[in-house]
Amino acid sequence: MDDLESEFNLKVVLVSFKQCLNEKEEVLLEYYLAGWRGLVRCARGFPGHTSHLYPIGPVKIGHPHLRPRRFLNSLGTIFSFISKDVVTKLQIMDQLRSGPQQEHYSSLQTMVAYEVGNQLVDLERRSRHPDSGCRTVLRLHRALRWLQLFLEGVRTSPEDARTSALCTDSYNASLATYHPWIIRRAVTVAFCALPTRKVFLESMNVGSSQQAVEMLDEALPFIERVYNISQKLYAEHALLDLP
């Protein structure tokens with residue numbers, strides 16, 4: 001069976017992010033990218049999803065096939081609007097990590113040092129190096145912040161909390177900054193299709209909703225740590241606003 005069709009389990013994804021950091025607190029790209037592959041596994045299966053992390057057209061809303069079946073399917077349109085671009089970013093990183101300079105792409109730290117040190121990053125506008133590793137991971141980094149904030153909101157919210165409101169708040173505090181108004185509007189409308197908190201938690205395939213919360217209790221601090229280390233590294237090298 002194709003891996004894209006296998007049953008999704010969020011715990012497997014979060015384990016990848018837990019393994020991202022070594023004893024030096026370097027972000028290991030192998031596990032970082034593996035976590036993202038797990039996240040887009042099911043979203044890629046949406047019929048007709050055509051939007052991007054930085055979508056240039058309106059996000060499709062109310063598509064009859066966008067019904068919650070697994071974790072990312074239960075996110076519906078909100079994850080399909082970034083999944084296609086995430087897949088593209090993963091393909092770029094796979095090429096870099098298997099290319100002639102692959103030894104420089106073992107960790108986020110070695111990648112930044114190599115690309116910045118050899119002027120392989122477009123700092124002002126995309127020109128000679130439009131698909132640098134630094135720019136590519138920055139887009140994943142921004143999306144990870146949205147996911148972290150959303151799952152943290154789900155974890156700490158009461159049973160009757162509206163996941164649509166939680167997701168809107170998380171989006172406004174993260175990815176919305178990088179989207180034009182028309183996209184922000186379309187995406188927030190799409191959030192209304194989210195299932196209840198209980199259904200959402202159960203769709204993680206780790207047991208009851210309470211078991212899902214306990215799993216998030218354990219895993220989310222690791223995602224936050226990975227994000228914070230990455231954020232600090234990018235800030236130190238003035239890479240947070242790459243075009």
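Computed from a prediction, not measured in an experiment: that's the story for all the values here.
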Query raised in the report: With a 4.5 Å heavy-atom cut-off, do Tyr234 and Cys134 have their side chains touching?
Result: yes
Requested in this report: For residues Asp94 and Ser98, report the shortest heavy-atom separation together with the two atoms involved.
Outcome: O-OG, 2.8 Å
Requested in this report: Please answer: with hydrophobic residues joined when any side-chain heavy atoms are less than 4.5 Å apart, are Leu239 and Ile92 in the same cluster?
Outcome: yes
Query raised in the report: Going through the distances and angles, do Arg126 and Asp131 end up as a salt bridge (Lys or Arg N to Asp or Glu O under 4.0 Å)?
Result: CA-CA 8 Å; Arg126 296 182 73 185; Asp131 294 323; 3.1 Å; yes
Query raised in the report: Are any non-hydrogen side-chain atoms of Leu28 and Gln19 less than 4.5 angstrom apart?
Result: no
**Report entry** Arg145 CZ to Leu175 CG distance, which is reported to the nearest 0.5 Å
**Finding:** 11.0 Å
Query raised in the report: Within the distance-only criterion (no hydrogens, no angle test), does the side chain of Arg139 pair as donor or acceptor with the backbone N or O of Lys89 below 3.5 angstrom?
Result: no
Report summary line: The reported gap from CD in Gln148 to CG in Leu220 (rounded to nearest 0.5 angstrom) is 7.0 Å
Report task. First locate atom CG of Leu149, then atom OH of Tyr171, and finally report the distance between them rounded to the nearest 0.5 Å. Result -> 13.5 Å
Requested in this report: Given side chain to side chain contact (heavy atoms under 4.5 Å, CB included), test Glu25 with Arg225 step by step and report yes or no.
Outcome: CA-CA 9 Å; Glu25 291 210 313; Arg225 186 64 181 154; 2.5 Å; yes
**Report entry** Exam field: side chain Ser16 to backbone Tyr31, donor-acceptor pair closer than 3.5 Å
**Finding:** no
**Report entry** Side-chain donor or acceptor of Tyr105 paired with backbone N/O of Gln95 under 3.5 Å
**Finding:** no
Query - Same cluster (ILVMFWY, side-chain, under 4.5 Å), Phe222 and Val154 - result: no
Requested in this report: Compare all side-chain heavy atoms of Val27 with those of Gln109 and state whether any distance is below 4.5 angstrom.
Outcome: yes
Query raised in the report: If Ile, Leu, Val, Met, Phe, Trp and Tyr residues are connected whenever their side-chain heavy atoms lie under 4.5 Å apart, and connections chain through other members, are Val15 and Leu29 in the same group?
Result: no
Query raised in the report: Is it true that atom CD of Glu103 has more than 12 heavy atoms of other residues, nucleotides or ligands lying nearer than 6.0 Å?
Result: yes
Requested in this report: Using the test salt bridge (Lys or Arg N to Asp or Glu O under 4.0 Å), find all partners of Glu115 that sit at least two apart in sequence or belong to another chain.
Outcome: none
**Report entry** Over 12 foreign heavy atoms within 6.0 Å of CD, Glu236
**Finding:** yes
Query raised in the report: Ring centres of Phe150 and Phe200 under 6.0 Å apart?
Result: yes
Query raised in the report: Looking at Arg197 and Ser157, what are the two nearest heavy atoms and their distance?
Result: NE-OG, 3.0 Å
Query raised in the report: Passes side chain to side chain contact (heavy atoms under 4.5 Å, CB included), Val121 versus Arg135? Steps please.
Result: CA-CA 7 Å; Val121 183; Arg135 180 187 186 276; 5.8 Å; no
Report task. Drop me the distance from Cys167's SG to Leu194's CG, to the nearest 0.5 angstrom. Result -> 5.5 Å
Query - Rounded distance [0.5 Å steps], CG in Leu151 versus CG in Leu216 - result: 6.0 Å
Query raised in the report: Same hydrophobic cluster for Leu138 and Tyr114, using side-chain heavy-atom links shorter than 4.5 Å among ILVMFWY?
Result: yes
Query raised in the report: Taking all non-hydrogen atoms of both residues, which atom of Pro195 and which atom of Thr163 are closest, and how far apart?
Result: O-OG1, 2.5 Å
Query raised in the report: Below 4.5 Å, heavy atoms only, C-beta onward: do Asp122 and Pro130 meet side chain to side chain?
Result: yes
Query - Considering all heavy atoms, the nearest Arg142-Asp241 contact - result: NH2-CA, 4.1 Å
Requested in this report: Could you pull out the closest heavy-atom pair between Met111 and Val137, with the gap in Å?
Outcome: CE-CG2, 4.0 Å
Report summary line: Nearest heavy-atom contact between Glu26 and Asn22 is OE1-ND2, 2.7 Å
Query raised in the report: Same hydrophobic cluster for Leu120 and Leu242, using side-chain heavy-atom links shorter than 4.5 Å among ILVMFWY?
Result: yes
Query raised in the report: Which of parallel (below 30°), tilted (30 to 60°) and perpendicular (above 60°) describes Phe17 and Trp36?
Result: perpendicular
Requested in this report: Please examine the side chains of Lys18 and Glu218, heavy atoms only from C-beta on, and report whether any two atoms are closer than 4.5 Å.
Outcome: yes
Query raised in the report: Who pairs with Arg97 by salt bridge (Lys or Arg N to Asp or Glu O under 4.0 Å), at least two apart in sequence or on another chain?
Result: none
Query raised in the report: Rounded to the nearest 0.5 Å, what separation is found between the CE atom of Met93 and the CG atom of Leu90?
Result: 9.0 Å
**Report entry** Arg125 side chain to Pro243 backbone, donor-acceptor under 3.5 Å
**Finding:** no
Report task. Determine whether His141 and Gln231 make a side-chain contact, defined as any pair of heavy atoms from C-beta on separated by less than 4.5 Å. Result -> yes
